[in-house]
**Q** 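Structure in structure tokens, see below.
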Amino acid sequence: MRHSLVSKMKKELALLQPSDILLFDQATSSIPDIIKLTIGEPDFNTPEHVKEAAKRSIDSNHSHYAPPAGTPELRKAISNFLKKKYDLHYNPDHEILVTAGATEAIYTVLTSILNPGDKVLMPTPIFPLYIPDTILAKAEPVFMDTSSNGFVLSPELLEETLEKHGDAVKAIIFNFPTNPTGVTYRREDVKALAEILKKHDIFIISDEIYSELTYGERHVSMAEYLPDQTIVLNGASKSHAMTGWRIGFICAPAAITTELGKIHQFTITSTTTMAQDAAQEAFENGMNDGAEMRVEYEKRRDFVYQEMRKAGFECVKPEGAFYLFAKIPDGFIQKSLDFCTDLAHKARVAVIPGGSFGPGGEGYIRISYAASMDQLKEAMRRIAGYVAEKEEEKGSVQR
């Protein structure tokens with residue numbers, strides 16, 4: 001291969017870097033006896049009735065291409081699920097696309113709607129995948145640091161940012177319950193932001209993959225208030241512990257979905273037919289499968305939150321998802337990557353550096369409590385020991 005071709009490719013992709021989260025997870029995997037609280041993956045198994053549906057699909061030879069938008073039966077099941085759960089109304093024939101997980105949904109939406117020079121507003125800290133996909137479309141991420149407001153975007157900051165960037169803003173991305181903070185937006189928050197956004201001709205991308213994992217109040221979608229502007233992303237990965245099945249979906253008005261379907265079709269053709277049959281079973285007959293997992297996650301949340309506070313970490317109590325975002329205490333290593341590296345090697349607990357999630361994340365760590373309670377208890381014991389040892393070292397230096 002010509003070196004000039006490789007050099008040109010490297011130059012064009014220079015702004016894109018591999019995922020910090022995956023890199024750190026891989027880097028700590030070789031540490032002996034490491035407890036990994038890194039990746040956001042349910043530790044539950046896919047429900048039995050969903051697995052049985054997949055077996056029936058295989059036995060029935062459903063091994064051919066599905067329609068690019070997804071099987072009609074799955075789209076109908078998704079439409080009914082959203083209607084009953086969140087009072088969202090989407091025509092299964094024209095307003096739903098089945099994607100290869102929420103990851104492909106994000107890629108499809110951003111590469112479809114963005115042109116070079118467009119700007120995309122992102123309340124941070126935020127799931128970092130949106131950033132490289134925006135850059136790939138030669139658009140510009142605009143970060144809104146929410147760390148001073150309990151990790152919730154305030155109407156004032158939104159208005160200020162919209163005024164500053166004007167007509168260049170093509171879209172805003174919401175992700176709630178939020179990865180990495182576990183914070184969610186309550187009805188009054190969503191309504192207040194919607195009042196501002198309805199005055200602007202921009203897309204609202206609402207990633208609601210953790211919608212079934214809220215503690216207390218029911219999830220409220222931005223699409224309930226602004227259905228004509230909102231593109232909803234969701235899937236079966238978190239609600240039904242189906243991460244490896246790779247079933248996500250996009251919902252939007254027909255005029256938008258038709259255009260999104262072009263990029264989607266040319267990207268993957270269609271998702272796996274047997275996985276779609278399994279997801280159909282999940283959304284039709286497992287509408288509340290996430291409830292049992294949610295109860296267990298809430299117990300874990302309460303335990304981890306309590307133990308991290310005892311150890312001296314300041315953190316907002318999560319209201320959804322399965323993450324806790326903890327501020328590194330004063331007097332410790334403050335750069336999150338260095339802190340997490342030290343913690344991994346000395347305490348054998350791997351967590352993700354907060355700096356990976358954009359402005360407002362530096363100086364924090366993200367803990368995934370999608371792990372067994374036994375693992376969490378041992379991890380908290382080790383973190384407490386790490387803190388105590390550091391405190392003792394500081395005391396010795398002061399003496």
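These numbers come from the heavy atoms of this one structure, side chains and all, not from hydrogens, waters or symmetry mates. It should be emphasised that the depicted structure is a prediction, and the values quoted were computed from it without experimental measurement. Residue numbers start at 1 and run along the sequence shown.
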**Q** Would you check, one step at a time, whether the test side chain to side chain contact (heavy atoms under 4.5 Å, CB included) holds for His219 with Glu212?
**A** CA-CA 7 Å; His219 173 76; Glu212 281 296 282; over 6 Å; no
**Q** May I ask you to check whether Ser147 and Asp145 show a side-chain donor-acceptor distance below 3.5 Å?
**A** yes
**Q** As a quick check of understanding, evaluate side chain to side chain contact (heavy atoms under 4.5 Å, CB included) for Asp43 and Arg300, giving each step before the final call.
**A** CA-CA 12 Å; Asp43 65 319; Arg300 298 175 188 180; 2.8 Å; yes
**Q** Between Lys36 and Ser29, does any side-chain donor sit less than 3.5 Å from a side-chain acceptor?
**A** yes
**Q** Do we see a donor-acceptor contact under 3.5 Å between the side chains of His165 and Lys119?
**A**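 There is such a pair between these side chains.
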**Q** Under 3.5 Å, side-chain donor or acceptor atoms of residues 92-104 against the rest of the protein: list the pairs with distances, not counting sequence neighbours.
**A**
from, atom 1, to, atom 2, distance (Å)
Glu95, OE1, Asn91, N, 2.8
Glu95, OE2, Ala254, N, 3.4
Thr99, OG1, Gly101, O, 2.8
Thr99, OG1, Gly248, O, 3.4
Thr99, OG1, Phe249, N, 3.4
Glu104, OE1, Ala100, N, 2.8
Glu104, OE1, His264, ND1, 3.3
Glu104, OE2, Thr108, OG1, 2.6
Glu104, OE2, His264, ND1, 3.0

**Q** Please determine whether the number of non-hydrogen atoms from other residues, nucleotides or ligands lying under 6.0 Å from atom OH of Tyr107 exceeds 12.
**A** no
**Q** Would Gln280 and Thr71 count as having a side-chain donor-acceptor pair, cut-off 3.5 Å?
**A**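 Side chains of Gln280 and Thr71: no pair found under 3.5 Å.
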**Q** I'd like to know whether Asp289 forms a side chain to side chain contact (heavy atoms under 4.5 Å, CB included) with His49, so could you lay out the CA-CA distance, the side-chain angles of the two residues, the decisive distance to 0.1 Å, and finally the verdict.
**A** CA-CA 10 Å; Asp289 280 350; His49 70 102; 2.8 Å; yes
**Q** Yes or no on salt bridge (Lys or Arg N to Asp or Glu O under 4.0 Å) for Arg381 and Glu378, after CA distance, side-chain angles and deciding distance?
**A** CA-CA 5 Å; Arg381 187 191 69 79; Glu378 177 60 19; 2.6 Å; yes
**Q** For Arg218, is the CZ atom crowded, meaning more than 12 foreign heavy atoms sit under 6.0 Å from it?
**A** yes
**Q** Answer whether the closest heavy-atom distance between the side chains of Leu193 and Phe174 falls below 4.5 Å.
**A**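 Side-chain contact under 4.5 Å: yes.
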**Q** Count the heavy atoms belonging to other residues, nucleotides or ligands that lie under 6.0 Å from NZ of Lys51, then report whether that count exceeds 12.
**A**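 More than 12 heavy atoms, drawn from other residues, nucleotides or ligands, come within 6.0 Å of this atom.
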**Q** Closest approach of Pro180 and Tyr323, non-hydrogen atoms and distance?
**A**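 Taking Pro180 first and Tyr323 second, the nearest heavy atoms are O-CB, 3.3 Å.
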**Q** According to side chain to side chain donor-acceptor pair (under 3.5 Å), does anything in residues 236-253 pair up with another residue at least two apart or in another chain? List the pairs.
**A**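 Qualifying pairs: Glu41-Thr243, Thr46-Trp245.
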**Q** Please test Glu73 against Lys76 for salt bridge (Lys or Arg N to Asp or Glu O under 4.0 Å), starting from the C-alpha separation and ending with a verdict.
**A** CA-CA 5 Å; Glu73 295 82 7; Lys76 184 177 179 181; over 6 Å; no
**Q** Are Tyr364 and Phe357 near enough that their ring centres are under 6.0 Å apart?
**A** no
**Q** Between Tyr297 and Phe44, is the gap from one ring center to the other below 6.0 Å?
**A** yes
**Q** Could you state whether Ile268 and Met242 fall into the same hydrophobic cluster, counting links through intermediate Ile, Leu, Val, Met, Phe, Trp or Tyr residues with side-chain heavy atoms under 4.5 angstrom apart?
**A** no
**Q** If you look at every heavy atom in Met222 and Phe176, which pair is closest and at what distance?
**A** N-CZ, 4.4 Å
**Q** Would you tabulate the side-chain donor-acceptor contacts of residues 154-161 under 3.5 Å, counting partners in other chains and residues two or more places apart, or write 'none'?
**A**
from, atom 1, to, atom 2, distance (Å)
Ser154, OG, Leu157, N, 3.1
Thr161, OG1, Leu157, O, 2.7

**Q** Between Ser79 (side chain) and Arg75 (backbone), is there a donor-acceptor pair under 3.5 Å?
**A** no
**Q** Salt bridge or not between Arg186 and Glu217? Use side-chain N to carboxylate O under 4.0 Å.
**A** yes
**Q** When you compare the side chains of Tyr386 and Glu391, does any donor N or O come within less than 3.5 Å of an acceptor on the partner?
**A** no
**Q** Report the C-alpha distance between Val169 and Leu121 in whole Å, list the side-chain angles of each, state the deciding distance to 0.1 Å, and finish with yes or no for side chain to side chain contact (heavy atoms under 4.5 Å, CB included).
**A** CA-CA 7 Å; Val169 176; Leu121 307 188; 3.8 Å; yes
